[in-house]
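Below is one structure; the comments refer to it alone.
To find a chain, count down the sequence lines: A is the first, B the second, and so on, and within it residues start at 1.
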Amino acid sequence: MPHRDTCPHSAVAALAASAALVTGLVLAPADAVQGEAQRLMYVHVPAAWTAYTAFTVTAVSGLAVLARRGTVWDRVGRAAAELGAGMTALAVALGMIWGRPVWGVWWTWDPRLVATLAMLLAFLTCLAVRRWHGDAARGARGAAVAGVAGFAMVPVTHFSVLWWRTLHQPPSVLRPPGDVPVDPPMLAALAAGVLAFTLLGCLVVARRVRALDAAAAAPAEHVSRAALGRAA
Amino acid sequence: MIPPRRRLRRPPSAPWTRRRPLPDRVRRRLPLLLVGVAALALGALAFSGIGDGMVYYRTPTELAGHDAGPAGRLRVGGLVLPHSVRAEGDALRFRLSDGVGTVEVLHRGEVPPVFREGQGAVAEGVLGPGGVFRSDRLMVKHSDEYRAAEPAR
């Protein structure tokens with residue numbers, strides 16, 4: 001159910017998503033070498049970017065939890081970790097679909113691919129460690145520590161293509177200074193994709209935090225499941 | 001403290017709910033245990049997959065020193081030298097270059113449609129006699145450039 005204060009945000013996010021679809025599928029030309037498959041960049045890169053951003057939020061929230069700045073940070077960090085895990089998995093899946101026609105393989109043990117899987121496992125650790133103890137406060141602290149420590153995988157993943165030999169191409173935009181070797185319409189499609197994913201990600205995290213708030217406020221067991229259903 | 005979770009009765013339609021529930025302690029710890037097992041598996045596979053020397057691929061110059069060839073599978077990466085690609089029956093022969101050294105590759109297997117001369121490629125296989133690299137897995141390493149097929153007008 002839409003919440004009142006998210007309505008403008010939802011509209012902006014929907015608009016950004018539509019703009020990304022049009023620029024990515026229609027306005028941007030097919031790549032000279034890779035052909036139409038290169039359009040997967042406009043969703044693969046935003047998914048990875050959203051995962052990086054989500055993990056940053058999780059790490060900052062984790063620090064706030066460890067500094068005892070209030071339980072809301074625990075819920076923000078958890079919601080961001082859930083989004084990040086999903087986006088990392090999505091980036092891997094889209095990368096495989098892109099890799100098959102262009103690289104020729106679904107998967108290879110390239111440092112970037114391995115680092116991305118390790119980042120996914122770091123997110124999953126952050127989510128799973130919460131329930132290791134039966135105690136909610138200890139679980140929150142464990143998740144905070146895992147979130148702060150796991151964040152180390154973000155720079156390792158991003159810079160893996162610059163630090164080591166990989167099959168994966170180096171970054172075209174977030175890279176050492178120099179010209180961005182991307183045609184302007186393609187860059188616009190990429191920027192639109194990143195914007196849409198970021199806005200939708202914020203929306204998902206905000207809704208999830210509200211659902212977790214409601215679950216924490218309600219005394220009964222299994223409310224979190226009901227709240228999840230409402231938010232979905 | 002969280003009160004112990006009590007399982008609600010579920011509709012009997014789902015077969016997996018009819019089994020006896022796992023003890024609460026196991027249920028809570030199962031996700032992290034699974035992640036741990038996955039991490040170990042990933043580490044082991046990545047270590048064996050990245051291979052000897054912990055580099056994803058060797059350069060032709062690095063391979064040039066080993067005429068007999070280091071034992072086992074490895075990868076070699078470089079640019080496909082222009083005018084070096086020839087079809088030989090069901091195989092493809094070409095040279096990979098890193099600007100200094102070159103290596104001859106005899107590839108048997110699928111060739112990615114994007115594979116072409118002047119582009120990057122990584123071949124996976126074994127270094128055979130005479131310094132010929134016998135590849136059975138060929139991958140295209142494309143650049144970080146994205147351009148329209150025709151110059152923008």
Side-chain angles (χ1 to χ4, degrees), chain A residues 28-35 37-38 41 99-105 107-115 117-118 120-122 124-125 127-137 139 142 161 164-173 175 180-187 190 221-222, chain B residues 1-8 24-25 27-36 38-43 45-51 54-59 75 77 109-116 119-122 124 137-152:
Chain A
D31 184 69
V33 176
Q34 303 180 30
Q38 179 268 334
M41 180 173 81
R100 186 63 183 91
V102 174
W103 292 350
V105 293
W107 182 263
T108 181
W109 295 99
D110 157 299
R112 163 59 76 86
L113 276 59
V114 173
L117 270 196
L120 176 60
L121 288 176
L124 293 178
T125 303
L127 291 172
V129 81
R130 172 179 302 279
R131 274 168 59 75
W132 184 264
H133 298 290
D135 178 51
V161 286
W164 300 298
R165 290 178 194 163
T166 58
L167 182 68
H168 195 287
Q169 67 276 29
S172 296
V173 180
R175 64 189 211 145
V180 173
V182 183
D183 271 358
M186 296 166 139
L187 199 57
L190 185 58
E221 171 76 348
H222 287 287
Chain B
M1 283 288 289
I2 293 183
R5 291 169 70 98
R6 242 185 286 142
R7 297 178 74 79
L8 298 182
D24 183 60
R25 229 167 66 99
R27 236 161 24 100
R28 279 192 286 106
R29 299 190 168 182
L30 198 58
L32 191 55
L33 291 172
L34 289 176
V35 171
L40 285 177
L42 174 68
L45 282 169
F47 191 79
S48 64
I50 285 177
M54 293 306 282
V55 286
Y56 177 66
Y57 62 80
R58 315 299 180 92
T59 62
R75 299 187 194 88
E110 192 187 343
V111 179
V114 183
F115 175 86
R116 66 188 64 167
Q119 277 259 319
V122 174
E124 200 173 304
R137 200 169 188 234
L138 185 56
M139 294 170 280
V140 165
K141 180 174 164 61
H142 63 82
S143 73
D144 52 358
E145 284 187 27
Y146 301 96
R147 304 283 184 214
E150 291 168 324

Which residue out of [options] racks up the most heavy-atom pairs below 4.5 Å with chain B?
| options | value |
| --- | --- |
| A:Val182, A:Leu167, A:Leu113 | A:Leu167 |
| A:Val102, A:Val180, A:Leu124 | A:Val102 |
| A:Leu187, A:Thr108, A:Val161 | A:Thr108 |
| A:Gln169, A:Arg165, A:Met186 | A:Arg165 |

Check: [X] side chain, [Y] main-chain N or O, donor-acceptor pair, under 3.5 Å:
| X | Y | answer |
| --- | --- | --- |
| A:Asp110 | A:Arg112 | yes |
| A:Asp31 | A:Gln38 | no |
| A:Ser172 | B:Asp144 | yes |

Is the closest side-chain heavy-atom distance between A:Trp109 and B:Arg75 below 4.5 Å? yes

Non-hydrogen side-chain atoms of A:Trp107 and A:Leu117 separated by less than 4.5 Å: yes

When only pairs under 4.5 Å are counted, which of [options] shares the most heavy-atom pairs with chain A?
| options | answer |
| --- | --- |
| B:Gln119, B:His142, B:Lys141, B:Glu145 | B:His142 |
| B:Val114, B:Val122, B:Leu34 | B:Val114 |
| B:Pro113, B:Pro112, B:Gly36, B:Ala39 | B:Pro112 |

Counting only non-hydrogen atoms closer than 4.5 Å, does [X] touch chain B with its backbone (N, CA, C, O), its side chain (CB onward), both, or neither?
| X | result |
| --- | --- |
| A:Pro101 | backbone |
| A:Arg100 | side chain |
| A:Trp103 | both |
| A:Pro181 | both |

Sequence neighbours excluded, the answer for salt bridge (charged side-chain N to carboxylate O under 4.0 Å, His left out) partners of B:Arg137 is B:Glu124

Which residues pass the salt bridge (charged side-chain N to carboxylate O under 4.0 Å, His left out) test with B:Arg116, sequence neighbours left out? none

Minimum heavy-atom distance between B:Ala148 and A:Ala32, given as atom pair plus value: O-CB, 3.6 Å

